[in-house]
Amino acid sequence: MPSVPSDVPALRAALLDWYDVHARSLVWRTPPGVGTRPDPYRVWLSEVMLQQTTTPHATPYFLEFTRRWPTVGDLAAVEDGELMAAWAGLGYYARARNLLACARAVASEHDGVFPDTEEGLLALPGVGAYTAAAVAAIAFGRAANVVDGNVERVMARLFAVETPVPAARPELRRLAGSLIRDERPGDWAQALMDLGATVCRPKSPFCGDCPITRWCAGYASGQPERYPLKTKKAERPHRHGFAWVLRDDQGRVGLVRRPDKGLLGGMLGLPTSDWSSTPDAAPPVPAGWREAGAIEHVFTHFSLTLTVRTATGQGEFIWTPVEEALAGLPTVFRKALERGLA
DNA sequence: CATCCGTGGAG
DNA sequence: TCTCCAAGGAT
């Protein structure tokens with residue numbers, strides 16, 4: 001069982017000093033050390049967008065969202081379909097539904113003011129342990145234990161944890177908690193995450209640039225990149241199905257609203273067959289359907305071949321201008337629609 | 001604790 | 001081409 005170094009204050013000072021110089025400049029961030037705290041709305045929005053999402057991918061969405069909806073009250077007033085279309089392409093669409101539910105809860109049940117405690121934040125839709133701690137620390141200066149994938153990796157290396165993830169998660173959380181102090185909680189959390197993102201990277205870490213190697217058991221072992229150990233993950237199955245691109249004579253395409261639960265929940269989509277290896281499937285309406293090729297797409301837990309068929313016709317669909325559809329569809333349907341138009 | 005839930009970039 | 005995986009949450 002790894003033990004915490006006796007001079008935690010020196011370790012903390014070394015990392016915070018490093019952060020003062022090397023903090024990444026991100027659009028939702030305020031500079032380190034400054035007394036002024038960032039707007040909780042912007043912190044929350046950025047944290048939700050960054051869940052399992054890279055900084056470059058989330059950045060343009062954050063800029064667009066804050067431009068269109070500068071306050072949580074503005075966001076709460078948005079219509080569901082408009083919000084889902086704005087989120088299109090960012091993935092994990094349950095986040096968008098929860099984002100709206102959360103904004104509406106804050107607006108109606110908290111007078112438009114975010115709760116300033118972890119407990120209060122945790123009760124909000126789409127806010128889990130990580131996001132609650134991050135908002136509490138960064139926006140409200142609470143000494144919360146902010147543990148994301150970066151922090152887990154840094155702790156696994158710092159303490160040379162031999163237990164593989166996910167089993168090691170409770171221990172990694174405990175180790176991270178042992179380094180928490182009342183001083184600069186938001187900067188501490190972001191310093192750990194910046195270190196993990198830019199220096200203590202998953203592959204080929206830059207230990208030569210790291211401010212805390214003198215305390216790092218992984219560095220001392222000579223193989224820091226070995227941590228965190230991982231259990232092998234199951235392989236991804238392959239599925240295939242059909243997507244139908246039905247157009248009218250006004251440049252519109254027939255779409256459907258997907259159910260809130262499940263894959264791509266709440267998003268607009270093309271009419272499709274089910275995706276369980278159907279040899280063939282009946283189209284949504286009779287028409288002169290033509291083959292338009294196929295597209296490949298990879299989801300988190302399966303890959304998909306979607307055969308595209310096109311026709312002109314009518315029916316009970318959400319008829320949407322093609323340009324609007326291309327902008328508001330999840331990527332798999334955008335690719336299928338582009339195939340159908342080609 | 002396991003599974004489900006997207007996407008795109010890096011190596 | 002292929003594997004990994006990024007500021008996770010809900011069930």
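In what follows, every heavy atom counts, from backbone to side chain, and hydrogens, waters and symmetry copies are set aside.
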Check: To the side chain of A/L263, which of B/dC5, C/dA10, C/dC5 is closest?
Finding: B/dC5

Next item on the list: Hey, which sits more toward the 5' end of DNA chain C by its nearest nucleotide, A/L122 or A/T55?
Entry: A/T55

Notebook entry, point to check: Roughly, in whole Å, what's the span from CZ in A/F302 to C1' in B/dC5?
Noted result: 10 Å

Between the protein and nucleotides 8-11 of chain B, which nitrogen or oxygen pairs come in under 3.5 angstrom?
none

Margin query: Within a 6.0 Å radius of atom CZ on A/R184, are there more than 12 heavy atoms belonging to other residues, nucleotides or ligands?
Written below: yes

Check: For A/R236 and C/dC2, what is the distance between atoms CZ and C1' respectively, to the nearest whole Å?
Finding: 10 Å

Notebook entry, point to check: Which residues within residues 130-157 of chain A lie with some heavy atom under 4.0 Å of an atom in DNA chain C?
Noted result: A/Y130, A/T131, A/D148, A/G149, A/N150, A/R153

Next item on the list: Decide whether a cation-pi geometry holds between A/R181 and A/W188; the criteria are a distance under 6.0 Å from NZ or CZ to the six-membered ring centre and an angle within 45° of the ring axis.
Entry: no

Notebook entry, point to check: Closest to the A/Q52 side chain: C/dC5, C/dA6, B/dC5?
Noted result: C/dA6

Notebook entry, point to check: Under 30°, 30 to 60°, or over 60°: which ring-plane class applies to A/W18 and A/H22, parallel, tilted or perpendicular?
Noted result: parallel

Item checked: DNA chain C-proximal residues of residues 61-80 of chain A, any heavy atom under 4.0 Å -> none

Check: Can you find a side chain N or O atom of A/Y93 that sits less than 4.0 Å from OP1 or OP2 on B/dT7?
Finding: yes

